[in-house]
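One structure is given here, and the rest of the page talks about it.
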Amino acid sequence: MEKVVSFSRQNKDRYVADLMEFLKIPSISSSSQHNGDTERCAHFVADLMRRSGVKRAEVFKTPGHPIVFGEWDGAPGRPTILVYGHYDVQPVDPLNLWESGPFEPTIRDGQLYARGSADDKGQIYIHFAAVEAHLKQHGTLPVNVKFLIEGEEEVGSEHLDKFVASHKELLKADVVLISDTAMFQRGLPSICYGLRGLIYYQIDLRGSGTDLHSGSFGGAVANPAFVLAEMLASTKVGGRVTIPGFYKDVKPLTARERKEFKRLPFSDKKYAKELGAPALSGEKGYSTLERTWARPTFEVNGILSGFTGEGAKTVIPAVAMAKVSMRLVPNQEPDKIAKLFEKHLRKICPKTVEMTITRMHGGEPWVAPIDHPAIQAAAKAFEKGFGKRPVYTREGGSIPVVATFADVLKILSVLMGIGVPDENAHAPNEKLDLGNFQGGILSSAHFLDLMGQGSR
Ligand code: BES
Ligand code: MN
Ligand code: MN
């Protein structure tokens with residue numbers, strides 16, 4: 001491993017330069033205006049794969065954004081590691097809050113600022129660099145490697161799910177390696193063994209054919225903004241979701257897990273301060289980590305209705321709209337919860353408005369056994385790469401394909417994320433810590449090495 005480590009030290013600056021080129025491509029998957037950029041980004045990823053030395057790198061078209069697959073299969077008899085990541089990024093608004101352009105990567109204080117730097121382009125890159133270091137120094141890898149890098153993670157991985165189901169042989173592997181999560185704390189490497197699932201909805205209400213004069217008609221018809229607010233407010237009371245049956249399949253936290261969560265260095269006060277929140281809020285009887293990692297929740301992601309311009313306008317809006325979502329935990333099933341939610345909405349929606357419910361993307365929750373040998377190899381690799389033993393965490397976010405890998409391919413995912421909690425993912429001024437970037441490259445290289453040793 002010494003030669004691999006010294007190669008990665010010598011190439012530090014080039015890695016950053018490569019990543020900056022990657023970050024200049026505005027591969028926003030939710031915006032069709034950027035379809036050309038997203039496609040260009042897929043080809044850029046295939047080039048990165050080729051430059052790392054893998055023999056095969058292919059861009060698969062889908063009805064949505066392309067999927068990039070790569071493979072190096074020169075170690076027969078050794079395990080195969082499937083590296084998954086996503087090259088698509090979230091939208092950048094509000095643009096005026098960015099200190100430097102979202103697609104003009106800029107380094108300040110050892111942090112690389114750009115949309116996608118942490119989520120997930122910088123985190124994908126570490127694995128290309130690790131593979132390259134092994135191949136350049138030894139002409140071979142300790143394991144077989146496959147890459148699966150998609151362009152639709154941020155919009156629910158719809159076409160990837162189909163691709164996985166129809167390419168089981170191509171994707172055959174012993175373990176999936178993913179870097180798309182954050183460390184628990186700066187400088188404290190973390191292995192994530194659980195993700196929440198998600199269902200997402202748009203709700204539209206109509207109360208009249210057109211906006212109405214609030215003097216002439218106020219008091220005679222329902223106001224859809226008001227009705228919507230009442231419906232939403234009654235769906236979560238005191239941190240508890242009121243949808244009948246919502247909690248039925250929730251797997252309770254074990255005593256051991258609660259104890260382990262408590263041992264992690266965490267302060268509610270500091271957390272609230274970092275978030276700029278006057279006070280924390282959530283389900284009674286659970287700690288903040290339990291609430292975000294292992295308890296389901298219902299959130300309003302956005303509301304739109306009526307007059308919001310300058311001054312005052314006396315009007316009753318004709319329509320009101322909300323985007324809402326639920327984060328789910330094992331063993332809640334998205335389709336089952338979706339049915340309960342829709343039934344609940346129809347029950348509480350008054351006859352005075354017309355309602356349209358549209359279901360959007362989502363994903364299943366997931367949890368892994370932490371004593372699995374591949375997870376233990378990841379822990380050792382992190383210790384070598386960062387000089388510090390990792391902690392085990394869960395995440396409140398979702399990576400939809402992880403459950404698909406488990407259910408369809410029957411493969412365990414190992415989540416070795418190198419983001420930081422204040423990385424501003426999905427927000428203005430997203431950043432990647434360049435120390436973590438380098439530590440991540442070393443950790444990935446060690447992981448490949450340790451997985452290779454395991455088979456001897
Ligand atoms: N990298 C994140 C997943 C994540 C979020 C990990 C928070 C750790 C903490 C991923 O790119 C993401 O944002 N996922 C979406 C999925 C959704 C759009 C289907 C999410 O969680 O909102
Ligand atoms: Mn991500
Ligand atoms: Mn994301």
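Both counts, for ligands and for their atoms, begin at 1 and track the order of listing.
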Atom 18 (C) of ligand 1 has as its nearest protein heavy atom Glu154 O, 3.4 Å
Provide the number and element of each atom of ligand 1 under 4.0 Å from a heavy atom of His86. 11 (O)
Does Glu132 pair with Arg14 as a salt bridge, N-O distance under 4.0 Å? yes
Got Pro66 and Glu39 here, is their nearest side-chain heavy-atom distance under 4.5 Å? yes
Considering only protein heavy atoms, which is closest to atom 22 (O) of ligand 1, and at what distance to one decimal place? Arg327 NH2, 2.8 Å
Name of whichever N/O/S atom of Asp119 is nearest to the Mn ion (ligand 3): OD2
Of Ile126, Ile418, Asn436, which is the lone residue that meets side-chain contact (heavy atoms from CB on, under 4.5 Å) with Ile441? Ile126
In the structure I gave you, are the side-chain heavy atoms of Leu177 and Tyr84 within less than 4.5 Å of one another anywhere? no
Of the protein's non-hydrogen atoms, which lies at the shortest distance from atom 11 (O) of ligand 1, and what is that distance? Glu153 OE1, 2.7 Å
contact_flag His426 ligand 1 heavy-atom lt 4.0 Å: yes
Within ligand 1, which atoms have a heavy atom of Pro400 less than 4.0 Å away? 19 (C)
Closest non-hydrogen protein atom to atom 14 (N) of ligand 1, residue and atom name please, with distance? Ser398 O, 2.8 Å
Can you list the steps and then say if Arg56 with Glu58 is a salt bridge (charged side-chain N to carboxylate O under 4.0 Å, His left out)? CA-CA 7 Å; Arg56 176 177 179 192; Glu58 219 175 300; 2.9 Å; yes
For ligand 1 and Glu395, I'd like to know whether there is a polar contact (N/O to N/O, distance under 3.5 Å). no
One finds that the ligand 1 atoms under 4.0 Å from a non-hydrogen atom of Leu198 are 17 (C), 19 (C)
Mind checking whether Thr181 has an N or O less than 3.5 Å away from an N or O of ligand 1? no
Six-ring centre of Phe298, Arg327 cation under 6.0 angstrom, axis tolerance 45°: no
Establish, for the pair Arg51 and Phe128, whether the NZ or CZ atom is under 6.0 angstrom from the six-membered ring centre and no further than 45 degrees off its axis. no
Which ligand 1 atoms does Ile399 reach within 4.0 Å, using its non-hydrogen atoms? 3 (C)
Looking at His426, the N, O or S atom sitting nearest the Mn ion (ligand 3) is NE2
Without swapping roles, check the side chain of Asp433 against the backbone of Gln111 for a donor-acceptor pair under 3.5 Å. no
Answer yes or no: does an N/O atom from Asp180 fall short of 3.5 Å to an N/O atom of ligand 1? yes
Short question: side chain of Glu283, backbone of Arg295 - any donor-acceptor pair under 3.5 Å? no
Using a 6.0 Å distance limit plus a 45 degree cone around the ring axis, check whether Arg291 lies over the aromatic ring of Tyr286. no
Which atoms of ligand 1 sit under 4.0 Å from any heavy atom of His361? 18 (C), 19 (C)
What is the nearest protein non-hydrogen atom to atom 7 (C) of ligand 1, stated with its residue, atom name and distance? Gly397 CA, 3.7 Å
Vertex the Mn ion (ligand 2): angle to OD1 of Asp180 and NE2 of His86, to 10°? 100°
In Glu154, which N, O or S atom comes closest to the Mn ion (ligand 3)? OE2
List the steps, then state whether side chain to side chain donor-acceptor pair (under 3.5 Å) holds for His86 with Glu152. CA-CA 7 Å; His86 62 95; Glu152 294 187 334; over 6 Å; no
